[in-house]
> 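Below: one structure in structure tokens.
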There are 4 protein chains.
Amino acid sequence: MDDIDIETVADPKLDDPVLIEGLPGVGHVGKLAAEHLRDEFDGELIRRVYTSDFPPQVSVDDEGVADLTCAELHAVSADGTDLLLLTGDHQAQSNAGHYRLTDAFLDIAEEFGVSRAFALGGVPTGELVEEYTVLGAVGEADQKEELEDAGVEFRPDEPAGGIVGVSGLILGLGKRRGLDAACLMGETSGYLVDPKSARAVIEVLQHTLEFEVDFASLEERAEEMEEVVGKIQEMQEQQSLPTDDDLRYIG
Amino acid sequence: MDDIDIETVADPKLDDPVLIEGLPGVGHVGKLAAEHLRDEFDGELIRRVYTSDFPPQVSVDDEGVADLTCAELHAVSADGTDLLLLTGDHQAQSNAGHYRLTDAFLDIAEEFGVSRAFALGGVPTGELVEEYTVLGAVGEADQKEELEDAGVEFRPDEPAGGIVGVSGLILGLGKRRGLDAACLMGETSGYLVDPKSARAVIEVLQHTLEFEVDFASLEERAEEMEEVVGKIQEMQEQQSLPTDDDLRYIG
Amino acid sequence: MDDIDIETVADPKLDDPVLIEGLPGVGHVGKLAAEHLRDEFDGELIRRVYTSDFPPQVSVDDEGVADLTCAELHAVSADGTDLLLLTGDHQAQSNAGHYRLTDAFLDIAEEFGVSRAFALGGVPTGELVEEYTVLGAVGEADQKEELEDAGVEFRPDEPAGGIVGVSGLILGLGKRRGLDAACLMGETSGYLVDPKSARAVIEVLQHTLEFEVDFASLEERAEEMEEVVGKIQEMQEQQSLPTDDDLRYIG
Amino acid sequence: MDDIDIETVADPKLDDPVLIEGLPGVGHVGKLAAEHLRDEFDGELIRRVYTSDFPPQVSVDDEGVADLTCAELHAVSADGTDLLLLTGDHQAQSNAGHYRLTDAFLDIAEEFGVSRAFALGGVPTGELVEEYTVLGAVGEADQKEELEDAGVEFRPDEPAGGIVGVSGLILGLGKRRGLDAACLMGETSGYLVDPKSARAVIEVLQHTLEFEVDFASLEERAEEMEEVVGKIQEMQEQQSLPTDDDLRYIG
């Protein structure tokens with residue numbers, strides 16, 4: 001296997017598709033959002049991307065069948081807007097791997113004529129979130145207005161530590177390639193898998209890309225998490241704050 | 001030395017050999033099983049595989065003679081079935097190294113005409129095991145029936161974290177090469193070197209590949225471990241559970 | 001993107017420029033000093049250096065606009081002396097990366113005809129500093145006299161652990177290329193961002209390279225830090241020494 | 001700079017030289033021994049080996065002059081026996097780096113016609129050593145007799161964890177090149193820089209390679225350490241065993 005190994009599964013013609021990235025990260029917000037779009041719009045798998053920068057690992061499905069860890073690109077038509085959805089279970093495991101992998105993703109996107117990209121993710125607030133604000137970052141200042149119309153907030157120098165991983169590089173490397181790239185980050189506690197934050201991010205996309213998606217399955221998942229949140233709030237009221245470690249394994 | 005350096009020791013003709021991998025891992029189940037087959041069937045060393053992804057290390061034998069760390073492939077005839085046994089003292093030490101090394105192993109297997117592979121390992125249960133179930137994962141669903149006949153269990157999405165290391169990649173990369181690859185994982189506490197779990201795994205191979213092997217030496221080792229287990233159970237009854245660290249150095 | 005990717009922003013003619021390096025390090029002394037010179041002398045951005053050895057990250061500016069992490073070279077004229085100022089938010093993240101990156105910086109410096117370089121940094125004393133001594137290290141002994149005249153101290157075998165990172169390599173790799181390279185290290189507690197130490201380092205450069213710079217903005221920053229230092233001294237007097245972790249996040 | 005960069009300082013003709021490696025390791029036994037031979041026999045520097053697997057670092061000498069971290073090879077004539085002494089302040093910082101670096105050392109050794117090598121080191125006993133035994137490991141069993149005559153002990157499967165780092169690879173990779181390589185490991189507590197253990201190792205070399213060296217400077221250093229050992233024994237008698245961390249910084 002080469003450092004990066006791209007497997008072509010299908011090669012549909014897409015009409016000015018928009019790249020949407022949702023790899024694992026804070027609250028799995030980006031991953032939940034991209035997977036939701038893939039599932040609701042019944043995506044067609046078009047590429048698998050393998051790399052030796054992913055963990056040396058297979059995942060086992062519900063039939064006991066194992067497959068090598070990879071990232072996947074699905075094509076969907078969202079009410080007439082073509083989307084290229086990038087999902088997977090892993091980020092790269094090294095600095096150079098992140099750059100290599102993102103370059104590979106952007107190469108595929110170019111191949112399909114992508115000129116616009118959204119990297120989805122979460123931004124941790126450290127506390128339970130009441131109102132699900134979506135924070136934005138863009139490659140060029142003139143991209144902001146359209147996103148602000150969709151409710152996205154831009155805050156000076158935030159997120160403070162910058163945006164890391166594939167999301168950050170889709171924006172950073174994409175911008176250097178002349179791609180119209182933005183990052184949408186749903187506020188989330190950082191402790192829990194957060195379907196509500198994922199919904200807030202999708203709502204921005206709905207507004208901007210003019211499609212509508214059903215949220216029933218995401219809401220169901222959110223309700224399960226609500227129960228968890230309820231228990232955590234109870235614990236907090238009893239003054240026994242759970243530690244980060246307690247929370248890390250919930251959800 | 002190159003990244004991977006393969007030393008040819010012998011080049012016997014093998015008849016449709018089956019690759020059996022047993023590198024170090026949980027409970028050393030795979031390693032014990034593969035070494036047991038190598039020793040009982042009096043294996044012939046055919047290849048040494050050196051790599052700069054192994055620790056920079058020599059091991060010293062009982063004569064004070066040192067040899068560079070490597071993985072070894074032995075050929076054995078198990079009641080008429082040719083096996084290619086892959087053993088060694090180390091896994092690769094990096095992600096990319098795991099991929100590179102497994103590709104090298106699969107190249108050698110192809111050279112000998114291998115069309116079927118079993119990656120052996122252990123799956124940790126976190127508690128002392130009473131009944132030694134063998135968990136399976138396959139590359140294609142149609143491989144399951146034969147293994148289920150031999151007592152292998154397939155559980156949806158298990159093991160939960162996937163299968164890591166060379167074992168996982170023998171399955172994942174092997175499948176991508178069209179190899180009929182399966183992973184056999186003996187349940188084991190995860191705290192102790194576990195010859196009983198290794199025996200359970202070998203029994204599946206006996207049934208599937210139709211050979212018989214003597215278990216006396218493995219049983220002897222198991223009895224030594226039983227004594228250790230007995231002591232642990234005593235400790236547990238006295239409510240002083242040993243920590244993982246205590247157990248890690250037993251056996 | 002290649003391992004190193006150099007973007008040419010401008011290509012001014014410079015007259016025997018002096019390379020001044022100020023990447024992050026102890027007390028951010030070097031970074032503060034180089035940025036101060038860049039800002040006071042109104043530097044012209046001439047090169048951006050990207051590398052996959054930097055964290056996979058974009059930083060977000062006060063407009064919400066994101067840019068890929070890079071190091072920057074600015075040209076300034078300091079009272080007639082041309083300076084090439086190297087600044088950035090990151091060191092490389094691997095050993096080989098440090099060497100690669102420094103070689104790239106030195107290549108650019110050679111291109112502009114640099115024959116003299118100063119690597120700026122801090123040297124930790126472990127306690128609050130009263131008098132801001134600047135410690136020096138040079139590539140050749142005959143460079144010392146001029147620096148000693150400017151108040152630089154040379155102490156046998158100090159700093160004890162050598163000089164690490166890009167600063168060390170500007171000196172070590174620069175010397176091997178025949179560059180007249182020196183390291184100026186301001187004494188600093190190691191706990192705080194230290195504008196006073198940065199000023200002490202700049203004063204050496206002023207004396208040696210014959211320019212004058214205004215310190216108002218650096219002094220303002222220093223006064224803010226003074227308040228922090230005052231609080232720390234209070235805490236120490238109350239016998240509750242703050243831990244390193246407390247201090248790491250101040251400033 | 002390339003991954004490995006070899007600087008030729010001198011190219012003397014050597015008569016069947018013996019390679020002696022003494023890089024940093026347990027108790028700095030190998031380093032002390034090789035440096036002692038270099039200094040006592042007034043070695044001629046013949047090669048500097050730079051590599052990006054060393055820390056990105058310069059060391060500063062007693063004049064404040066800095067030099068890039070490297071390993072050095074000195075040639076000495078020890079009572080008519082030519083030695084090639086390999087010393088330095090660092091091991092490589094990665095697995096692959098160890099292999100690459102050792103291959104470079106062995107290439108230089110081949111260039112000078114080396115057919116025999118000794119890798120010097122320490123083996124930790126975990127307690128203060130009374131009698132300084134030297135443990136051996138060899139590439140081929142027939143090398144043992146001569147070393148046993150010189151007092152070297154060979155113990156089955158010891159050291160238990162094998163021999164790591166450049167010392168291990170000089171033996172492991174050297175053997176694969178047909179070099180007559182052995183490892184001499186002085187027993188040492190593992191807590192202290194140990195000149196006495198270094199002397200024990202040199203005495204083996206004296207006997208085997210038939211030279212004599214003065215030990216005055218090594219004994220002086222040993223006496224300084226004796227004082228430290230005395231203080232530690234006092235502490236132990238007072239039942240306040242120093243921790244590993246206390247000891248790590250002594251000597």
Side-chain angles (χ1 to χ4, degrees), chain C residues 3 23 25 53 91-104 106-107 117 119 121 123 134-145 147-148 152-177 179 181-185, chain D residues 1-9 23-24 28 31 35 39 45 47-72 87-104 165-166 193 221 224 245 248-251:
Chain C
D3 282 352
L23 292 179
D53 286 300
Q91 294 267 345
Q93 305 284 302
S94 69
N95 280 0
H98 273 98
Y99 284 87
R100 250 195 312 266
L101 196 58
T102 307
D103 266 331
L106 292 175
D107 287 347
V123 62
V134 175
L135 198 66
V138 289
E140 306 293 343
D142 59 16
Q143 299 169 250
K144 286 164 64 178
E145 193 179 334
L147 294 173
E148 283 171 333
V152 175
E153 282 193 19
F154 289 86
R155 299 188 198 134
D157 308 307
E158 280 201 32
I163 305 165
V164 297
V166 168
S167 285
L169 293 187
I170 291 276
L171 184 39
L173 290 172
K175 175 179 180 173
R176 292 196 65 212
R177 289 175 180 230
L179 199 66
C183 197
L184 301 177
M185 294 158 283
Chain D
M1 207 181 84
D2 296 318
D3 282 352
I4 299 272
D5 190 347
I6 298 171
E7 184 184 327
T8 297
V9 182
L23 292 178
H28 279 203
K31 182 172 154 68
E35 287 178 357
D39 296 345
L45 179 62
R47 293 284 186 284
R48 286 195 189 93
V49 180
Y50 300 93
T51 171
S52 58
D53 286 300
F54 281 146
Q57 188 171 336
V58 290
S59 52
V60 181
D61 72 11
D62 53 4
E63 293 294 315
V65 176
D67 277 292
L68 188 58
T69 284
C70 65
E72 295 183 341
T87 57
D89 287 334
H90 296 281
Q91 293 268 344
Q93 306 284 301
S94 70
N95 280 359
H98 274 97
Y99 284 87
R100 249 194 313 265
L101 196 57
T102 308
D103 266 331
V166 168
V193 170
R221 186 107 194 246
E224 289 164 29
D245 278 345
R248 193 157 296 146
Y249 298 99
I250 299 173

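Numbered from 1 within each chain, the chains take letters A, B, ... in sequence-line order. Excluded from the calculations below are hydrogen atoms, water molecules and symmetry mates; all remaining heavy atoms, backbone and side chain alike, are included.
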> Quick one: which residues of residues 47-58 of chain D reach chain C at under 4.5 angstrom, heavy atoms only?
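The list, in residue order, reads D:Tyr50, D:Thr51, D:Ser52, D:Asp53, D:Phe54, D:Pro55, D:Pro56, D:Gln57, D:Val58.
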> Sequence neighbours left out, what passes side chain to side chain donor-acceptor pair (under 3.5 Å) with C:Gln91? Give chain and number order.
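Residues passing side chain to side chain donor-acceptor pair (under 3.5 Å) with C:Gln91: C:His98.
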> Looking at D:Asp5, D:Asp3, D:Leu68, which one forms a side-chain contact (heavy atoms from CB on, under 4.5 Å) with C:Tyr99?
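Answer after filtering D:Asp5, D:Asp3, D:Leu68: D:Leu68.
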> What residues, two or more places apart in sequence or in another chain, satisfy side chain to side chain contact (heavy atoms under 4.5 Å, CB included) together with C:Gln143?
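Side chain to side chain contact (heavy atoms under 4.5 Å, CB included) check on C:Gln143 returns C:Val138, C:Glu140, C:Asp180, C:Ala182.
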> Please check if the side chain of C:Lys175 supplies one atom and the backbone of D:Ala66 the other of a donor-acceptor pair under 3.5 Å.
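Side chain of C:Lys175 to backbone of D:Ala66, a donor-acceptor pair under 3.5 Å: yes, one is there.
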> Checking C:Asp157 against chain D: side chain, backbone, both or neither under 4.5 Å from a heavy atom?
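When you check distances to chain D, atoms from both the backbone and side chain of C:Asp157 fall under 4.5 Å.
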> Below 4.5 Å from any heavy atom of chain C, which atoms of D:Asp2 appear? Answer side chain, backbone, both or neither.
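No part of it gets close to chain C.
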> Name all residues meeting the side chain to side chain contact (heavy atoms under 4.5 Å, CB included) criterion together with D:Asp61; count only those two or more places apart in sequence or in a different chain, and write none if there are none.
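By the side chain to side chain contact (heavy atoms under 4.5 Å, CB included) rule, D:Asp61 matches D:Glu63, D:Val65.
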> What part of C:Glu153 gets closer than 4.5 Å to chain D, counting heavy atoms only: side chain, backbone, both or neither?
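No part of C:Glu153 comes within 4.5 Å of chain D.
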> Just verifying a value: how many Å separate C:Leu169 CG and D:Met1 CE, rounded to the nearest 0.5 Å?
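Result: 8.0 Å between the selected atoms.
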> Which region of C:Arg176, side chain (C-beta onward) or backbone (N, CA, C, O), has a non-hydrogen atom less than 4.5 Å from a non-hydrogen atom of chain D, or is it both or neither?
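Only the side chain of C:Arg176 comes within 4.5 Å of chain D.
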